[in-house]
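To start, the structure under review is shown below, and the notes come after it.
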Amino acid sequence: MSDAPLAPGSVIGILGGGQLGRMLATAGAALGFDVHIYDPEPDCPASRVAARSYCAPWDDAGAVANFANRCAAITYEFENVPVETVAIAAAAAPLRPGAKSLELTQDRFIEKHFINQQGVKTVPFAQVDDVDSLEAAIENIGLPAVLKTRRFGYDGKGQAWIRDAEDARAAWEMIGGQPAILEGAAAFRRELSVVAARSVRGEVLAFPLSENVHGDGILKTTTAPAHGVDSATQDRALAIARALGNGLEHVGVFAVELFDLGEGELIVNEIAPRVHNTGHWTMDGCGCDQFEQHMRAVAGWPLGDPAAHSACVMSNLIGHDAEAWADLAADPQARLHLYGKRETRDGRKMGHVNRLSPL
Ligand code: AMP
């Protein structure tokens, strides 16, 4: 399939229609594309801003093919789209990023192994399949440590901290006795992330590093550019992004979550093979934001300039936080983004607010 740039008016398909799909669809429309959404959820957030949407289960091969056959390129907005679904899509149109990015990041064990293979550091980790292998992993790695399911973990779900060897069985039960990994605890000073993009030609550009604060396993705020990052550290983050992006042969935006161990030492927590919550600040802080950047990459266009024109603090609106929309709308300092979700639930990401200041 050709790497030639897609002309405006071409159809770009997105597998997944949550808030990331919605913001991607909006950015794609701004570049003149017709964006089609595929999501099993009726009335999903992206369906209401897209040119067309398809609602069918992931395993409905006919529906996936019907969607994919109308697309000039296809992308995905979340990493748990089944690999069988992306295989059907990829047979019909260029899939960007490719299936490799999904396969290597859907499983935490495979992902961490891949990261180390690229010469990039992570915390120590071990495969856990039962209580015996968990006890052996605790012997090797030491405590405290965190037990995580290999698959389908997000926003801190499917994780249990172990501080005492006697808690091993309880932790195993808490994560539902599923295939898992045990990770050593990172003694980090702070959490950073680098959101980067790789073009069809293999060029990798990164947005400035951001600093992220989590609560209850969910991202609360992102401050960007992160304070006190010298150019050597920003360059190291770019080198990490380049090594991982090239290793995945990724096309599009991806995010690398980092632990800053101090003295500029960065290790990788995880890779998200897609636009990322810690990149939402770019919507107001950069001339070309992560959503436009992704659609440019998917379309085979040149990447945009990822430089920040302003400093930004992004605050997530989680659950009932979004009920303050009228006050936020009245605040001239607040750039409000709402995702159009019909139902408010505790812990659900409903929107975010960006507040700018001079660089
Ligand atoms: P994750 O779902 O793997 O991104 O983990 C969610 C959050 O838990 C991270 O953003 C960290 O705050 C914390 N965390 C996860 N793994 C570790 C680790 N190995 N050491 C220290 N903190 C961790």
Side-chain angles (χ1 to χ4, degrees), residues 18 20 78-80 101-102 104-116 120-128 134 137-165 167-168 171-172 174-176 178-196 209-224 226 237 240-241 244 254-262 265-281 314-316 318 347-349 352:
L20 300 179
F78 88 130
E79 56 271 40
N80 290 326
S101 294
L102 271 191
L104 286 171
T105 59
Q106 280 184 343
D107 180 308
R108 289 186 192 274
F109 181 74
I110 293 172
E111 176 182 348
K112 285 214 157 56
H113 186 69
F114 161 77
I115 294 167
N116 290 168
V120 176
K121 279 195 199 158
T122 60
V123 289
F125 63 97
Q127 183 175 343
V128 171
L134 174 55
I138 291 173
E139 283 280 308
N140 271 332
I141 288 173
L143 293 177
V146 56
L147 183 66
K148 300 181 179 178
T149 54
R150 284 176 65 157
R151 296 173 69 88
F152 303 121
Y154 68 97
D155 288 346
K157 293 189 174 66
Q159 303 191 6
W161 277 91
I162 305 176
R163 296 180 198 284
D164 191 311
D167 300 337
W172 174 249
M174 198 176 143
I175 64 154
Q178 302 173 56
I181 64 168
L182 188 74
E183 292 184 7
F188 59 80
R189 274 185 46 218
R190 58 180 179 167
E191 293 186 73
L192 301 175
S193 62
V194 58
V195 176
L209 274 165
S210 67
E211 179 171 349
N212 309 307
V213 175
H214 296 82
D216 302 324
I218 301 181
L219 180 70
K220 298 280 180 197
T221 64
T222 294
T223 301
I240 290 173
L244 299 180
F254 60 105
V256 185
E257 295 183 22
L258 300 160
F259 294 134
D260 176 0
L261 302 184
E265 194 185 347
L266 304 175
I267 63 169
V268 171
N269 174 27
E270 62 183 1
I271 308 169
R274 54 168 168 78
V275 287
H276 196 244
N277 197 168
T278 66
H280 289 1
W281 70 275
M314 188 283 316
S315 306
N316 268 337
I318 298 166
R348 193 173 201 204
K349 290 175 179 169
H352 67 272

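Numbering of residues begins at 1 and proceeds along the displayed sequence. We count ligands from 1, going down the list as the structure has it; atoms in each ligand are counted the same way.
- Remark: of the listed residues R150, R151, R108, Q127, R150 is the sole one forming a side-chain contact (heavy atoms from CB on, under 4.5 Å) with P179.
- Listed by atom number, the atoms of ligand 1 under 4.0 Å from W161 heavy atoms are 20 (N), 21 (C), 22 (N), 23 (C).
- The nearest non-hydrogen atom to atom 6 (C) of ligand 1, considering only K148, E257, Q159, comes from Q159.
- The shortest N or O to N or O distance between G217 and ligand 1 is not under 3.5 Å.
- Residue-ligand proximity: G184 is placed with a non-hydrogen atom under 4.0 Å from ligand 1.
- Using a 30° and 60° split on the angle between ring planes, F125 and F109 fall in the perpendicular class, above 60°.
- Near F188, with a cut-off below 4.0 Å to any heavy atom, the atoms of ligand 1 are 21 (C), 22 (N).
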Working note: L258 + N269, criterion side-chain contact (heavy atoms from CB on, under 4.5 Å); need CA distance, chi angles, decisive distance, verdict. CA-CA 5 Å; L258 300 160; N269 174 27; over 6 Å; no

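- Shown here is K220, whose NZ atom has more than 12 heavy atoms of other residues, nucleotides or ligands within 6.0 Å.
- The heavy-atom pair separating F114 from I271 by the smallest distance is CE2-CD1, 4.1 Å.
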I would like to know whether T278 and T222 meet side chain to side chain donor-acceptor pair (under 3.5 Å); could you show each step before the answer? CA-CA 6 Å; T278 66; T222 294; 5.5 Å; no

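- For atom 10 (O) of ligand 1, the choice among R108, E183, E191 with the nearest heavy atom turns out to be E191.
- Contacts between F125 and ligand 1, counted as non-hydrogen atom pairs separated by less than 4.0 Å, are absent for every part of the residue.
- Per-residue contacts place A185 under 4.0 angstrom from the following atoms of ligand 1 (heavy atoms of the residue considered): 20 (N).
- If you look at N212 next to ligand 1, there are no close heavy atoms at all, none under 4.0 Å.
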Could you walk me through whether F254 and S101 satisfy the side-chain contact (heavy atoms from CB on, under 4.5 Å) test, starting with their C-alpha distance in whole Å, then the side-chain angles of each, then the deciding distance to 0.1 Å, before giving a yes or no? CA-CA 9 Å; F254 60 105; S101 294; over 6 Å; no

